[in-house]
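Take a look at the structure set out below.
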Amino acid sequence: DGGITQSPKYLFRKEGQNVTLSCEQNLNHDAMYWYRQDPGQGLRLIYYSQIVNDFQKGDIAEGYSVSREKKESFPLTVTSAQKNPTAFYLCASSIGTDVYEQYFGPGTRLTVT
Amino acid sequence: KNQVEQSPQSLIILEGKNCTLQCNYTVSPFSNLRWYKQDTGRGPVSLTIMTFSENTKSNGRYTATLDADTKQSSLHITASQLSDSASYICVASGSNTGKLIFGQGTTLQVKP
């Protein structure tokens with residue numbers, strides 16, 4: 001069963017705690033992405049990686065960190081420095097950048113209180 | 001500033017009716033235009049991808065059009081079904097970065 005998996009579906013944390021969101025793909029895609037979705041706004045790019053052991057900041061990288069040690073995995077850590085972390089987080093992957101289709105995971109809804 | 005604007009923000013139609021969603025973009029230089037369908041609480045699913053040289057592309061009951069001169073796109077849904085109730089997101093990509101610029105989405109509700 002191929003695709004992108006994100007876990008957990010729902011995540012609750014106290015303010016001041018770091019939290020790591022999981023993203024795994026078995027599509028053999030080189031590129032992976034993390035987006036944040038807030039109500040009434042378009043998806044915003046947090047980080048992306050075009051190849052293992054390399055990643056670049058997106059538009060809203062402050063307060064987030066990532067790693068890309070394996071082709072299949074691209075975990076996102078939401079740190080205590082992120083001022084407004086409550087949101088719906090989406091991971092995506094594609095064969096490459098530009099015109100290639102991006103496939104999205106089911107998302108993780110993070111609530112920080 | 002690169003941006004994508006969608007209209008209407010929300011739409012309610014009766015099952016079996018057709019509808020058209022609009023998208024205006026100001027991404028330059030332009031590479032391609034995508035439409036995604038997103039069910040509530042789920043990840044977006046691709047419907048169509050059109051490059052600047054394509055005018056129309058269909059995916060079942062979904063037909064997307066692109067006018068690169070006026071920087072407008074539309075998504076036409078034919079014979080709507082209850083399962084079409086979702087958010088439809090227009091996405092434009094720039095040819096120099098490959099970065100995707102997302103619209104805020106149009107929420108469609110199909111009623112029986």
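Values reported hereafter were calculated over all heavy atoms of this structure, with side chains retained and with hydrogens, waters and symmetry mates removed. Chain letters run A, B, ... following the sequence lines, proteins first and then strands; every chain starts at 1.
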What part of A:Asp59 gets closer than 4.5 Å to chain B, counting heavy atoms only: side chain, backbone, both or neither? side chain

B:Phe30 and B:Leu75: same hydrophobic cluster, using ILVMFWY side-chain contacts below 4.5 Å? yes

What distance do A:Phe88 atom CZ and B:Thr40 atom OG1 have between them, rounded to the nearest 0.5 Å? 10.0 Å

B:Met50 reachable from A:Tyr100 in the ILVMFWY side-chain graph, under 4.5 Å edges: no

So, for A:Leu90 and B:Gly43, which heavy atoms are closest and what is the spacing to 0.1 Å? CD2-CA, 3.6 Å

Expected output: side-chain B:Lys99 to main-chain A:Gly58 donor-acceptor under 3.5 Å: no

Given heavy-atom pairs under 4.5 angstrom as the criterion, report whether the side chain, backbone, both or neither of A:Leu43 touches chain B. both

Given A:Gly107, A:Pro106, A:Ala92, the one with more heavy-atom pairs under 4.5 angstrom with chain B than any other is A:Pro106

Nearest 0.5 Å please: distance from the CD atom of A:Gln102 over to the OG atom of B:Ser93. 8.5 Å

Say whether B:Ile13 and B:Trp35 are linked into one hydrophobic cluster, either directly or through other cluster members, by side-chain heavy-atom distances under 4.5 angstrom. yes

If you count heavy atoms of other groups shown closer than 6.0 angstrom to CD of B:Gln109, is the number above 12? yes

If hydrophobic clusters are built by linking Ile, Leu, Val, Met, Phe, Trp and Tyr wherever their side-chain heavy atoms come under 4.5 Å apart, do A:Tyr47 and A:Met32 end up in the same one? yes

Are A:Ile60 and A:Trp34 connected into the same hydrophobic cluster when the rule is that any two of I, L, V, M, F, W, Y join if their side-chain heavy atoms are below 4.5 Å apart? yes

Distance (rounded to the nearest 0.5 Å) between B:Gln104 CD and A:Gln37 CD: 11.5 Å

Does any backbone or side-chain atom of B:Gln6 lie under 4.5 Å from a heavy atom of chain A? Answer side chain, backbone, both or neither. neither

Contacts of type ring pair (Phe, Tyr, Trp, His ring centres under 6.0 Å), residue A:Tyr35, not counting sequence neighbours: A:Phe104, B:Phe102

